[in-house]
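Predicted model only: the values in this text are computed from it and were never measured.
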Amino acid sequence: RLIAGCKNATIPNSVKSIGYGAFRSCNGLTSITIPNSVTVIGDFAFFGCWDWTSIVVEEGNIRYDSRHNCNAIIETLSNKLIVGCKNTTIPNSVKSIEINAFAYCSGLISVAIPNSVTSIGSSAFEGCDGLTSITIPNSVIRIGDRVFLYCDNLKEIIIPDSVKEIDNAFRNHADGFVIKGNVNNEAVQKYFTDYAADAAGIKWEKTHHWDAGTVTAPATCGKDGTMT
């Protein structure tokens, strides 16, 4: 079991597990190769490694893969993306982006989430302060807590009609942050009600869908949860 690593570490192919926080906040780490012997990667193992550009899982690993040279670690059977970096391309076979997957990856600028993804886990993009653009497809059902915490350069986001649950995903966003979504989207409505204090100042650009086209009307959340 590997319990601690550094920026120059090479993981031997005798290692079976990478422990909790083993490479946590290892800022000089730029690349990692997961040998085919590793079958367990602990929580926060690569949390905060914002410098890295390359992630490879050796072929033959029975638990994890980095399919299609995606620069990510994917749990093979569940199709869960558990670790990504600024050069990750999310394959269209991925079902969920897991907790802390891209957390504090400050070099991440834009993300295109494929329409195979149904869930974005808590803190998945927390601390990605370089992130300016993200596309959430009409397949995502749930957006977890703190997903976009400290994403200071992300100014707006479109919530598709497929989303049924939004936890406190946008806390700490400055006044003027814009959520665009259907006026009838109950998940967005519930978000502004449940998290009124944290949503204060966030604008909801309401979209109305009619046969004749689409009309938008901006609104801003007050501290009591009312929209004006």
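- Across all their heavy atoms, His68 and Pro91 have their closest contact at CD2-CB, 4.2 Å.
- Legend: residues meeting side-chain contact (heavy atoms from CB on, under 4.5 Å) with Asn87, ordered by chain and number and at least two apart, are Thr53, Asn71, Cys85.
- Partners of Glu156 under the salt bridge (charged side-chain N to carboxylate O under 4.0 Å, His left out) rule, at least two apart in sequence or in another chain, are Lys180.
- In this structure, the side chain of Ser66 engages the main chain of Val57 through a donor-acceptor pair within 3.5 Å.
- Proximity of Tyr195 to Ile166: side-chain heavy atoms (C-beta onward) are nowhere separated by under 4.5 Å.
- Rounding to the nearest 0.5 angstrom, the gap separating the CD1 atom in Ile179 from the CG atom in Asn185 is 10.0 Å.
- Here the CD1-CD1 distance, from Ile32 to Ile73, works out to 8.0 Å after rounding to the nearest 0.5 Å.
- In this structure, the side chains of Arg67 and Asn79 come closer than 4.5 Å at one or more pairs of heavy atoms.
- With sequence neighbours left out, the side-chain hydrogen bond (donor to acceptor under 3.5 Å, both in side chains) criterion links Asp167 to Arg142.
- Closest non-hydrogen pair, Thr39 versus Arg63, comes out as O-NH1, 2.7 Å.
- Heavy-atom neighbours of Asn69 CG from other residues, nucleotides or ligands within 6.0 Å: at or below the threshold of 12.
- How far CZ of Phe102 is from OG1 of Thr88: 4.5 Å, rounded to the nearest 0.5 Å.
- Between the side chain of Ser106 and the main chain of Gly130, no donor-acceptor pair closer than 3.5 Å is present.
- Remark: Thr33 OG1 to Ile55 CD1 distance equals 10.0 Å, nearest 0.5 Å.
- Residues that satisfy the salt bridge (charged side-chain N to carboxylate O under 4.0 Å, His left out) test with Lys164, not counting sequence neighbours, are absent from this structure.
- Judged by distance alone, the side chains of Glu205 and Thr207 never bring a donor and an acceptor atom under 3.5 Å apart.
- Scanning for ring pair (Phe, Tyr, Trp, His ring centres under 6.0 Å) contacts around Phe170 gives Phe148, Phe177, Tyr191, with sequence neighbours left out.
- Applying the side-chain contact (heavy atoms from CB on, under 4.5 Å) criterion to Asp198, with sequence neighbours excluded, gives Asn168, Arg171.
- One finds the CZ atom of Phe192 at 11.5 Å from the NZ atom of Lys203 (value rounded to the nearest 0.5 Å).
- Every residue two or more places apart in sequence or in another chain was checked for a salt bridge (charged side-chain N to carboxylate O under 4.0 Å, His left out) with Asp152, and none qualifies.
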Exercise answer: donor-acceptor pairs, residues 111-122 side-chain atoms, under 3.5 Å, sequence neighbours excluded:
residue	atom	partner	partner atom	Å
Ser116	OG	Asn92	O	2.9
Ser116	OG	Val94	O	2.7
Thr118	OG1	Lys95	O	3.4
Ser122	OG	Asp145	N	3.4

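- Listed by first then second residue, pairs satisfying salt bridge (Lys or Arg N to Asp or Glu O under 4.0 Å) with a partner in residues 104-132 read Glu126-Arg146, not counting sequence neighbours.
- In terms of the side-chain hydrogen bond (donor to acceptor under 3.5 Å, both in side chains) criterion, residue partners of Thr76 (sequence neighbours excluded) are, by chain and number, Asp65.
- Side-chain contact between Val83 and Trp52: present, with at least one pair of heavy atoms (C-beta onward) separated by less than 4.5 Å.
- Note that OH of Tyr150 is 10.0 Å distant from OG of Ser123, once rounded to the nearest 0.5 Å.
- Considering only residues two or more places apart in sequence or on other chains, Ser78 meets the side-chain hydrogen bond (donor to acceptor under 3.5 Å, both in side chains) condition with Glu75.
- In terms of heavy atoms, Val163 sits closest to Ala187 at O-CB, 3.4 Å.
- Asn138 approaches Pro160 most closely through the heavy-atom pair OD1-CB, 3.3 Å.
- Asn36 meets the side-chain contact (heavy atoms from CB on, under 4.5 Å) test with Glu58, Asn61; sequence neighbours excluded.
- Closest non-hydrogen pair, Trp204 versus Gly181, comes out as NE1-O, 3.2 Å.
- Taking every heavy atom of both residues into account, Ala169 and Gly144 meet most closely at CB-O, 3.3 Å.
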